[in-house]
Protein chains: 2
Amino acid sequence: MNKRNATSADVAILAGVSQSTVSRSFDPNSRISEPTRQRVFVAAEQLGYQVNKAAQTMIKKRSDLVGLVTAGLEDPFRSEFLHKLIIEVQNCGLRPMVMDVSNRQTIDEDLQGLIQYQLSGVIITSGTPSESIGKAFIKHGTPVVLVNRTEHSDEADIVNLDNENAGAMAAEAFLKSGKTNLVVIRAKSPSFSSVMRAKGFLNHLSPYLDKGTVQASEVFCEAGNYESGYQIATHILALKNRPDGVFFCMDHIACGFLDAAKKQLSTSDLRSIGVIGCDDVALASYKSYDLTTLRQPSTTMAKAVMQTLLNRLKLPSSPPSKQAIAAKLIYRSTLTKPSSD
Amino acid sequence: MNKRNATSADVAILAGVSQSTVSRSFDPNSRISEPTRQRVFVAAEQLGYQVNKAAQTMIKKRSDLVGLVTAGLEDPFRSEFLHKLIIEVQNCGLRPMVMDVSNRQTIDEDLQGLIQYQLSGVIITSGTPSESIGKAFIKHGTPVVLVNRTEHSDEADIVNLDNENAGAMAAEAFLKSGKTNLVVIRAKSPSFSSVMRAKGFLNHLSPYLDKGTVQASEVFCEAGNYESGYQIATHILALKNRPDGVFFCMDHIACGFLDAAKKQLSTSDLRSIGVIGCDDVALASYKSYDLTTLRQPSTTMAKAVMQTLLNRLKLPSSPPSKQAIAAKLIYRSTLTKPSSD
DNA sequence: TTGTATGCGTTATCAG
DNA sequence: CTGATAACGCATACAA
């Protein structure tokens, strides 16, 4: 029943060849006579032989595992993006090993632990790792790709949404729609993406602020979720001069706001407030919200991340790359496309 | 820069002990004199030594990886559950290796491939693996836990939501509210959970159907998502005698239905239709839906799954276990709690 | 408690 | 094209 697994040596005996020939038979780059190879395959099939990845890793000094470092999977965008990464990793013939670093004090140590697995790469989508940890991986020859974590790294490759420009696009959309009293809302706890989006939003408006033709301010809500958006609505709607355009750095905050606003405002009053979200999660397109938003193209980004990783594996010592993927404005009913567009 | 990684042998030399002593120092069960152990730790720290998991796996014939087999992560409940599993796997000191088998024709082969990794266990939440594949793992000594896949397995442990009873609870809730014209809706493509929920729903009603005091039917929508619920609404609302209670086997279908119904019906007409969903995803509690639903307790289930796995690791040859976790009825506004309750 | 010796299953090197 | 042999880094049985 629980007999020992078949090894390449077992296959070798059955096929009447040496163990190294068995090993080579499974390497497409190895030149083996076709008859021999077939004989090996038959024997392997018969014994249910499978390569032992541990042994393979030991000799190659590299596993086919890719570390996916993440956190805050309660956020649907994070979750969706992780999903896309998993798919792409698999498509490259690699295996995703996920690490959730939520509520971890010792992220650097936790990441250090990944070195034990001889990973083919580490993709960090969360956790704000220190520069030093990045260096530890590079030193070990493990490529690191940072996603939406920082603008600059000496060691790691970077793939970001062009967050700053996404914010600018939101601002521009409001301007085109004639909105002049604007607010940008993000969660208190600073996340790189949200900070950059808010920054891009305000920077784009600054010439108009100087001229005094537009007002804009930044408001913080508790967290980056639906409930926080619901709560902040009361505050926003009670402002002395109620804004006519609100940009939320995450879709779910916007949806929470909309639900609260529906209760507190007449339909026409609500309609007069332009609302833009960011990410374009599934929820944004649901009819109850139908939220105008800036799409973060998760599939495109996941593909870019894996391509970056593969390139790095091919050319380990090329200079670190940096990529900014453009967001796309998706008009829906919370801010309709101006006819001039 | 890219010098070879420190090994236990390197640490041994620096600490002035043998390699096996270094190995033992990191095994809590091994009795080592405290001074020696400290000396080893210092040397290890100094060299940045980390155990090589590949070598460890080779000798122990078991890695600390747990395979998480999943699919359909577009479904937020699946996604949420995967997240919970990841957390629980980590809490047990193990590592989650995720495998998405969506759109795969060769699931059995794909699963076979997991044997290469000497996994500590495989948790199958999707993919309807054949009995034979389960046996392949068991034969190899790798525990398998099936989640919401089937009622019976000779080989694998099972953790399910009590899906049938969940359906029955939905039916009972409608009866208590005096609803008499009922419909249950699930996606065309049969998934174990949905089929059992619908079955439990109808079975619970069967005595009333026989008496003729209640009507009930099963309706199929295209898929298990929001859009399908939106589409099916038109059909449901156009029925000759419009139902006064609809049970959806997944929350998102219900939410799609609600959004469509809001457009097609007056508020009071919509209120007269009781709606119950299943799973209690985040969306269900959003104010726009405020959906009465049967909660599938994802954290509880994830913990049960891991406990099952650990038990199996401890007692490899105990008989397969089967667990049914109870759903919980969460009253919200789409079917309010009868005062008699 | 510690050291010595062995083997896990594979790939890579080197002869033939 | 194929076979013998040497690592890879660790845990464990056995000896001291």
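The chains referred to below are lettered A, B, ... by the order of the sequence lines, with proteins before strands, and numbering in each begins at 1.
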Under 4.0 Å from OP1 or OP2 of C/dA12: is there any side-chain N or O of A/Lys60 that close?
no

Using a cut-off of less than 4.0 Å, is there contact between a side-chain N or O of A/Thr57 and OP1 or OP2 of C/dT10?
no

Side chain of B/Gln56 (C-beta onward), nearest among D/dT12, D/dA11, D/dC1:
D/dA11

Looking only at heavy atoms, the pair that brings A/Asn160 and A/Glu151 closest together is ND2-CA, 4.4 Å

Whole-Å gap separating C1' (D/dA7) and CG (B/Asn5)
17 Å

Closest heavy-atom pair and its distance - A/Leu146, A/Ala156
CD2-CB, 3.9 Å

Options D/dC8, D/dC1, C/dT10, nucleotide nearest the side-chain atoms of A/Lys61
D/dC8

Rounded to the Å, how far apart are A/Asn29 CG and D/dC1 C1'?
16 Å

Whichever of A/Arg39 and B/Ala6 has its nearest DNA chain D nucleotide further upstream toward 5'
A/Arg39

Atom-to-atom span, OH of B/Tyr49 to C1' of D/dA11 - whole angstrom
10 Å

From the options D/dG9, C/dT11, C/dA12, select the nucleotide whose nearest atom is closest to the side chain of A/Gln19.
C/dT11

Whole-Å distance between C/dG7 P and B/Ile59 CD1?
11 Å

For a quick check, tell me whether the side chain of B/Ser8 and the base of D/dA11 share a donor-acceptor pair closer than 3.5 Å.
no

Whole angstrom value for the distance that separates P of D/dG3 from CD1 of A/Ile13:
13 Å

Would you indicate, yes or no, if D/dA11 has its OP1 or OP2 atom less than 4.0 angstrom from a side-chain nitrogen or oxygen of B/Ser23?
yes

Which of the following nucleotides, D/dC10, D/dT2, D/dC1, is nearest to the side chain of A/Arg31?
D/dC1

To the nearest Å, how far apart are A/Ile32 CD1 and C/dA12 P?
13 Å

Closest to side chain of B/Met58, choosing from D/dA13, D/dT2, D/dG9
D/dG9

Tightest non-hydrogen contact, residues A/Leu111 and A/Phe137, listed as O-CZ, 3.2 Å

Using only heavy-atom distances, decide whether a donor-acceptor pair under 3.5 angstrom links the side-chain of B/Ser20 to the base of C/dT4.
yes

Write down the distance between CG (A/Asn52) and P (C/dT11), rounded to a whole number of angstrom.
9 Å

Inter-residue atom distance A/Glu34.CD - A/Phe41.CZ, 0.5 Å rounding
7.5 Å

Check the phosphate of C/dT2 against B/Thr21, side-chain N and O only, distance under 4.0 Å to OP1 or OP2. Yes or no?
no

Atom CZ of B/Arg62 and atom C1' of D/dT12: how far apart are they, to the nearest Å?
18 Å

Taking only the side-chain heavy atoms of B/Ser18 (C-beta and beyond), determine which of C/dG3, D/dC10, C/dT11 contains the nearest atom.
C/dG3

